[in-house]
> 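One structure is given below, represented as structure tokens, and several questions about it will come after.
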Amino acid sequence: MTVMPAPDEAANTSRTQTRPSKGRPVSPEDSAPIMRRVKTKLTSRWATAAAVIIATIWTVPTFGLLVSSFRPAAKQVGPRSDGWWNFFTDWDFTFKNYIDVTAAAGSQSANLSQYFANSVAIVIPVTVFVLVLASMAAYIFAWGNFKGREAAFIFVFALQIIPLQMALIPLLTLFTQVLQIPPGSYAQLWIAHTMFGLPLGIFLLHNFISEIPGEVIEAAKVDGAGHTTIFWRIILPLSVPALASLAIFQFLWVWNDLLVALVFSGGTADVAPITQRLAEISGTRGSRDYLNPAAAFVSIIAPLVVFFALQRYFVRGLLAGGLKG
Amino acid sequence: MEFLGGKFLQVAIALAVFAALIGLIMLIVDRAPKSVKDKVTIVGFLAPAAILMLVGLVYPAVQTSFLAFTNASGQPNGVDNFVWMFTQPEALVTLRNTVIWTILVPLLSTGFGLAYAVFIDKARGEKALKALVFMPMAISFVGAGIIWKLVYDYRGPAIEQTGVINAVRVALGMDPKQFLLDAPENTIFLIIVMVWIQTGFAMVILSAAIKGVPMELVEAARLDGANPWQQFRNVTIPGIRGALVVVLTTITIATLKVFDIVRTMTAGNYETSVVANEMYTQAFRAGEPGRGAALALVLFLLVLPIVVYNARVLRQQREIR
């Protein structure tokens, strides 16, 4: 869906996360009555306390998962088990859970390394496909000249709202029966994810590409550059910030997806992504329950690394254009 | 690690084929005679995306609309699927839950997100505080489901609790509670998970909007003797109205389509199912594609007004430009 603050507003807020209060000229009123200063100080202290409480509530669940994942099986399930917070008084630490979930064989193994590789193999091509195809279409919507351009663009925008649930049944029939794409390969997932990622990709990039000054493109045309040259040599290099944020979005959605995977992967260990395996092992209650925290952590580690490393671009993308509904 | 080789090869082939196709398109566009060059460019650049969207979204949406009026064996059955949806008790519970989700999640996420954005505005360590609340956005719904199952974990009153909330309850002298089993409040406990995920999104957008409110207005209000609450109520809120609408609609749409949380935490049992989950169950588990399609169609109709509204806003913005 759409998130559209005025472009200039989005631009400067993303650049300056914290408003530089020092730089502002101090007005005489600021140095006024001590009482008022104390009052604002107090309210801001309460506000900070409330913020810290919210931040704690928001972080404790994930933190608990991390701690649990390092506790031995007997401490997690069965009669001798207790809460993860006991970890701090009863120091009992193991990597065994991680070894168990990632091992390629064994009765206890969830074989996650294979599924992790599947997720990587799904997410990389999809991200490339969406970035290239969406930027080509976005360029034409922004700078091409044809009848019905506006209407077509609004239509593409509206496509974001079709629930994936509506597309699944017919698409599966089309893939398996008409196009004969083998179910045990990545192809179905690559194509489906690319299809679903395009409307938002086009929308996001279009917002950015249409802001590129027309003189730049005119100058290139005068120099004899064709559309392909303009696209590859001018548009794409200038759009790197937008491309980066779209790439992060796309990575997170595809990595975190379960619905598309369930329908198109065929559920085999050769193709299914890590989320699907995780849903499987967490759905069966039993002796392997102690593996869930470690398995969950393996699955969220890639998005978390991407998220923390590229947070700046991620937030900027969110503010500049849109978010998938 | 021999399995890696095969996967790597498949990925490499896919990328090579894709590169070849794009290269071919660029070649055709470049070599086109001058008279038709612009037309060829438009078709060449637009066609791949257009075809994929038509095949992947438009055609299935139309197809599903027809499917909604057929029975399990594919015969037309009029509006039977819709009658089922609005009369069967299980189906009605699903609809009721969806309504509860779409009301509570946007309001709570936006409320918490706004409060948090205001509290940490200009605070020390603002960036770190933001990252903590924003982090759940990066976690899959499945991962979130596992995290929260751990939080909600229940054990009999006689033994030690492993879930944080029940441990606190017991420490306060209350009985432990089966959060995910007891209807109807279990739906609320699932909703909390979605709120946990979406609040960070609301917070980031609203925080940016708050920083966009002109400092002079806030200063003026303060000089007029407005207390912090009045400043917030009369200056900040009107200043971020647009962002609030965007956040509310975005989260509403995400909530309507939510599927994974319910699926991983209760699988829709114990009266917790929602339309998006029931659609999957009917179409792919119960052998009732007609009913699944009907549910999907209802989902689409629920989202449609929001699209129309947003498309209108978009067009107005483009006209201004």
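Residue numbering restarts at 1 for every chain, and letters A, B, ... go by the order of the sequence lines.
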> Looking at every non-hydrogen atom in both residues, tell me the closest pair between M195(A) and L57(B) and how far apart they are.
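Looking at all heavy atoms of both residues, the closest pair is O-CD1, 3.9 Å.
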> Looking only at atom types and distance, does a side-chain atom of K37(B) sit under 3.5 Å from a main-chain N or O of G226(A), one as donor and one as acceptor?
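No, the answer is negative, given that no donor and acceptor are paired below the 3.5 Å cut-off.
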> Can you tell me which portion of I122(A) sits under 4.5 Å from chain B's heavy atoms? Options are side chain, backbone, both or neither.
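Answer is neither: I122(A) stays 4.5 Å or more from chain B.
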> Please report the closest heavy-atom contact between I25(B) and M136(A), naming both atoms and the distance.
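Result for this residue pair: CG2-CE, 4.4 Å.
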> Considering only heavy atoms and a distance below 4.5 Å, find which of T41(B), L132(B), L295(B) pairs most often with chain A.
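The option with the most such pairs is T41(B).
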> Could you measure the distance from the CG atom of L174(A) to the CD atom of Q63(B)? Nearest 0.5 Å is fine.
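It comes to 9.0 Å.
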> Is it true that a side-chain atom of D260(B) and a backbone atom of D257(A) form a donor plus acceptor pair closer than 3.5 Å?
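It does not hold such a pair.
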> If you look at every heavy atom in G56(B) and A167(A), which pair is closest and at what distance?
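Heavy atoms only, the tightest pair is O-CB, 3.6 Å.
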> Under 4.5 Å heavy-atom distance to chain B, tell me which part of T173(A) shows up: side chain, backbone, both or neither.
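No part of T173(A) comes within 4.5 Å of chain B.
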> Checking heavy atoms, do the side chain of T56(A), its backbone, both or neither come under 4.5 Å from chain B?
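For T56(A), there is no contact with chain B at all, as no heavy atom is under 4.5 Å.
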> Taking side chain as everything from C-beta outward and backbone as N, CA, C, O, which of these in V156(A) sits under 4.5 Å from a heavy atom of chain B? Side chain, backbone, both or neither.
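Answer is side chain: those atoms of V156(A) sit under 4.5 Å from chain B.
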> For the CG atom of L259(A) and the CZ atom of F284(B), what is their distance to the nearest 0.5 Å?
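Between atom CG of L259(A) and atom CZ of F284(B) there are 8.0 Å.
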> Less than 4.5 Å to any heavy atom of chain B: does that hold for the side chain of I140(A), its backbone, both, or neither?
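The answer is the side chain of I140(A).
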> Please lay out, stage by stage, how I139(B) and T62(A) fare under the test side chain to side chain contact (heavy atoms under 4.5 Å, CB included).
CA-CA 10 Å; I139(B) 296 174; T62(A) 318; 4.2 Å; yes
> For the pair F307(A) and F134(B), evaluate side chain to side chain contact (heavy atoms under 4.5 Å, CB included) and give the outcome as yes or no after the intermediate values.
CA-CA 10 Å; F307(A) 170 78; F134(B) 193 43; 3.2 Å; yes
> Heavy-atom distance under 4.5 Å to chain A: side chain of V245(B), backbone, both or neither?
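Contact with chain A: none, neither part.
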> Just how far is it from atom CG of L15(B) to atom CD1 of I124(A), taken to the nearest 0.5 Å?
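Reported to 0.5 Å precision, the distance equals 8.0 Å.
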> Using non-hydrogen atoms only, which part of L252(A) is less than 4.5 Å away from chain B: side chain, backbone, both, or neither?
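Side chain of L252(A) only, per the 4.5 Å heavy-atom cut-off to chain B.
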> With side chain to side chain contact (heavy atoms under 4.5 Å, CB included) as the criterion, how do I202(A) and M53(B) come out once you've worked through the C-alpha distance, each side chain's angles and the decisive distance to 0.1 Å?
CA-CA 11 Å; I202(A) 294 173; M53(B) 286 188 292; 3.6 Å; yes
> Please determine, among I300(A), T228(A), L65(A), the option with the most heavy-atom pairs under 4.5 Å with chain B.
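Most heavy-atom pairs under 4.5 Å with chain B: T228(A).
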> Any donor-acceptor pair under 3.5 Å linking the side chain of W58(A) with the backbone of W196(B)?
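Here the side-chain-to-backbone pair exists.
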> With a 4.5 angstrom heavy-atom cut-off, could you sort out which part of Y280(B) is near chain A: side chain, backbone, both or neither?
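Contact with chain A involves the side chain of Y280(B) alone.
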> Side chain, backbone, both or neither: which part of A243(B) has a non-hydrogen atom closer than 4.5 Å to chain A?
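For A243(B), no heavy atom lies under 4.5 Å from chain A.
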> Could you grab the distance from atom CG of L133(A) to atom CD1 of I22(B), nearest 0.5 Å is fine?
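That separation rounds to 5.0 Å.
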> Using every non-hydrogen atom in the two residues, find where A296(A) and I146(B) come nearest and quote the distance to one decimal.
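Taking A296(A) first and I146(B) second, the nearest heavy atoms are CB-CG2, 3.9 Å.
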> Once you round to the nearest 0.5 Å, how far does CE of M135(B) lie from CZ of F308(A)?
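Result: 5.5 Å between the selected atoms.
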> Looking only at heavy atoms, what is the nearest atom pair of V133(B) and A55(A), with distance?
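It is CG2-CA, 4.2 Å.
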> Contact part of A269(A) toward chain B, heavy-atom cut-off under 4.5 Å: side chain, backbone, both or neither?
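A269(A) touches chain B through backbone heavy atoms alone.
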> Measuring heavy-atom distances to chain B, does W190(A) have an atom under 4.5 Å in its side chain, in its backbone, in both, or in neither?
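Contact with chain B involves the side chain of W190(A) alone.
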> Measure F231(A) against the heavy atoms of chain B and call it side chain, backbone, both or neither at under 4.5 Å.
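For F231(A), the side chain is the part near chain B, not the backbone.
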> Below 4.5 Å, heavy atoms only, C-beta onward: do W85(A) and V164(B) meet side chain to side chain?
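When only atoms from C-beta onward are counted, V164(B) and W85(A) do touch, with a gap below 4.5 Å.
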> Could you tell me which portion of L150(B) (side chain, backbone, both or neither) has an atom closer than 4.5 angstrom to a non-hydrogen atom of chain A?
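Interface part for L150(B): side chain.
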> Measuring from L258(A):CG to S140(B):OG, what's the distance to the nearest 0.5 Å?
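Answer for the CG-OG pair, L258(A) versus S140(B), is 8.5 Å.
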> Is I248(A) close to chain B through its backbone or its side chain, or both, or neither, when contacts mean heavy atoms under 4.5 Å?
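For I248(A), no heavy atom lies under 4.5 Å from chain B.
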> For each of Y139(A), Y186(A), F146(A), F155(A), tally heavy-atom pairs with chain B at distances under 4.5 Å, and name the one with the top tally.
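Of the candidates given, the most pairs with chain B belong to Y186(A).
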> Under a 4.5 Å heavy-atom cut-off, does chain B meet the side chain of N145(A), its backbone, both or neither?
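Just the backbone, heavy atoms under 4.5 Å.
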> Using a cut-off of under 4.5 Å on heavy-atom pairs, state which of V118(B), L297(B), T199(B) scores highest against chain A.
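Top count of heavy-atom pairs under 4.5 Å with chain A: T199(B).
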> In terms of heavy-atom pairs under 4.5 Å with chain B, which of V60(A), V130(A), V263(A), L262(A) leads?
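Most heavy-atom pairs within the cutoff with chain B belong to L262(A).
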> Any side-chain heavy-atom pair from I169(A) and M279(B) closer than 4.5 angstrom?
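A side-chain contact under 4.5 Å exists here.
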> Quick one: what part of F175(A) sits under 4.5 Å from any heavy atom of chain B, side chain, backbone, both or neither?
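Contact with chain B involves no heavy atom of F175(A) at all.
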> State, to 0.1 Å, how close P125(A) and V11(B) come at their nearest heavy-atom pair, and which atoms those are.
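Scanning both residues, the minimum pair turns out to be CG-CG1, 3.8 Å.
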